[in-house]
Amino acid sequence: MRPTDAPSPITRRRLLAAGALAAGAAALPGTAAAAARPRTATAATHGDRPWPTTLQLPNGFRPEGIAIGPGPYAYFGSLADGAIYRVDLATGRGKVIGPAPGAPTVGLKTDRHGRIFESGGPSGQLRVASAADGTVLKTYQAGSPDENFVNDVVLTPDAAWFTNSFQPLLYGLRLGRRGGLPDDFETVALKGDWKQAPAGEFTSNGLTRTPDGRGLLLVNQYLDGGSLMRVNPATGIARRVDLGAARLPNGDGMLLLGRALYVAQNRQNAVDVIVLDHAARTGKLVDRITDPGFDIPTTLDRYRDRLYLPNARFSTPPTPDTPYTAVAVRLPSKGSL
């Protein structure tokens with residue numbers, strides 16, 4: 001996840017400024033199967049009321065990440081102060097839970113133990129918080145703020161993995177048999193086909209698992225105009241996934257559903273849909289989802305037949321009164337992929 005809509009790597013100073021930048025739609029390479037198509041969310045109901053397709057977040061909140069579940073509840077992280085906002089998807093009502101940690105929350109994931117795993121962005125922190133009240137349970141310091149941007153996080157059956165956008169590194173929290181938190185984290189150096197941008201510029205961004213569950217998928221925004229990388233977390237060896245002519249120059253948060261990979265292309269106000277082989281060695285761009293309500297969506301998660309995306313609005317200068325929303329769009333049917 002990247003607090004900018006600029007297509008080229010940027011410095012941390014510009015990241016935190018989040019200045020006014022253009023947010024145009026870019027053309028996709030490939031066939032008509034990848035043409036942009038708006039997706040109106042289906043009318044799920046709560047009693048006799050339809051579920052909202054636009055969620056109002058607090059003014060000045062500056063959302064970046066989203067995690068949904070357990071149940072129809074979404075958690076959003078704030079770039080402003082790291083606060084967590086919890087929303088009932090059925091009603092759209094929400095509230096900030098717990099005290100804000102005072103450092104940004106970028107990517108986040110929830111687990112079945114009632115915890116939120118949080119990427120601390122420029123603070124260099126890996127945090128674990130309570131999903132019940134937002135209280136930070138444990139903080140790991142992965143590096144100095146001047147040299148690190150802990151960006152995204154994904155959960156596997158035995159670990160939580162975090163990206164560092166300023167360093168060719170992955171951070172791992174190895175979880176115990178009952179989800180116990182480790183005393184320390186491990187660091188894995190990325191190598192193989194991995195190419196790192198110059199110091200202070202973004203490289204890695206979104207993070208998820210491969211369809212076979214044996215590796216991780218990372219967006220490398222620097223390599224060849226934006227590439228998808230398959231990484232072995234045990235060795236750090238990264239191999240580029242063959243996507244043909246498709247590129248991910250603004251690839252941000254990702255969601256894997258079966259073999260369909262949904263990639264938020266933030267600056268392009270779109271979600272690209274890529275069908276992967278089981279081992280994620282190759283993939284084909286098959287669809288693009290757009291919506292008039294998108295305003296630089298940075299990532300996405302799913303509940304039932306909807307995708308939910310926070311609008312980071314990086315083209316709008318942030319103020320305490322700036323309004324923010326999240327948008328729901330319809331999940332493509334399996335037959336259309």
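Residue numbers count from 1 along this sequence. Computed from a predicted model, the values in this text were never measured in an experiment.
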>> Quick one, Arg127 and Thr105 - any side-chain contact, counting heavy atoms below 4.5 Å?
In response: yes

>> If you compare all heavy atoms of Ala90 against all heavy atoms of Pro52, which two are closest, and at what distance to 0.1 Å?
In response: O-CD, 3.5 Å

> Going through the checks in order, is the side chain to side chain contact (heavy atoms under 4.5 Å, CB included) test met by Arg288 and Thr290?
Replying inline: CA-CA 7 Å; Arg288 165 164 278 200; Thr290 64; 4.1 Å; yes

> Could you go step by step and tell me if Tyr75 and Arg86 meet the side chain to side chain donor-acceptor pair (under 3.5 Å) rule?
Replying inline: CA-CA 5 Å; Tyr75 298 82; Arg86 182 178 186 265; 3.0 Å; yes

> Are the side chain of Thr163 and the backbone of Asp152 linked by a donor-acceptor contact shorter than 3.5 Å?
Replying inline: yes

> Of Arg115, Lys109, His113, which is the lone residue that meets side chain to side chain donor-acceptor pair (under 3.5 Å) with Asp111?
Replying inline: Arg115

>> Please give me the minimum heavy-atom distance between Ile66 and Pro310, naming the atom from each residue.
In response: CG2-CD, 3.8 Å

> Is the closest side-chain heavy-atom distance between Val241 and Arg281 below 4.5 Å?
Replying inline: no

> How about Pro58 and Tyr85: do any of their side-chain heavy atoms sit closer than 4.5 Å?
Replying inline: yes

>> With a sphere of 6.0 Å drawn around CZ of Arg240, does it hold more than 12 non-hydrogen atoms of other residues, nucleotides or ligands?
In response: yes

> Under 30°, 30 to 60°, or over 60°: which ring-plane class applies to Tyr303 and Trp51, parallel, tilted or perpendicular?
Replying inline: parallel

> Are the side chains of Ile237 and Asp193 in touch, meaning some heavy atoms are under 4.5 Å apart?
Replying inline: no

>> With no hydrogens and no angle check, just 3.5 Å: does a side-chain donor-acceptor pair link Thr282 and Asp242?
In response: no

>> Could you report the tightest heavy-atom contact between Phe117 and Val153, atom names first, then the distance?
In response: O-CG1, 3.6 Å

> Any idea which heavy atoms bring Leu155 and Ala160 closest together, and the distance?
Replying inline: CD2-CB, 3.5 Å

> What is the minimum heavy-atom distance between Asp183 and Tyr140, and which atoms define it?
Replying inline: O-CE2, 3.8 Å

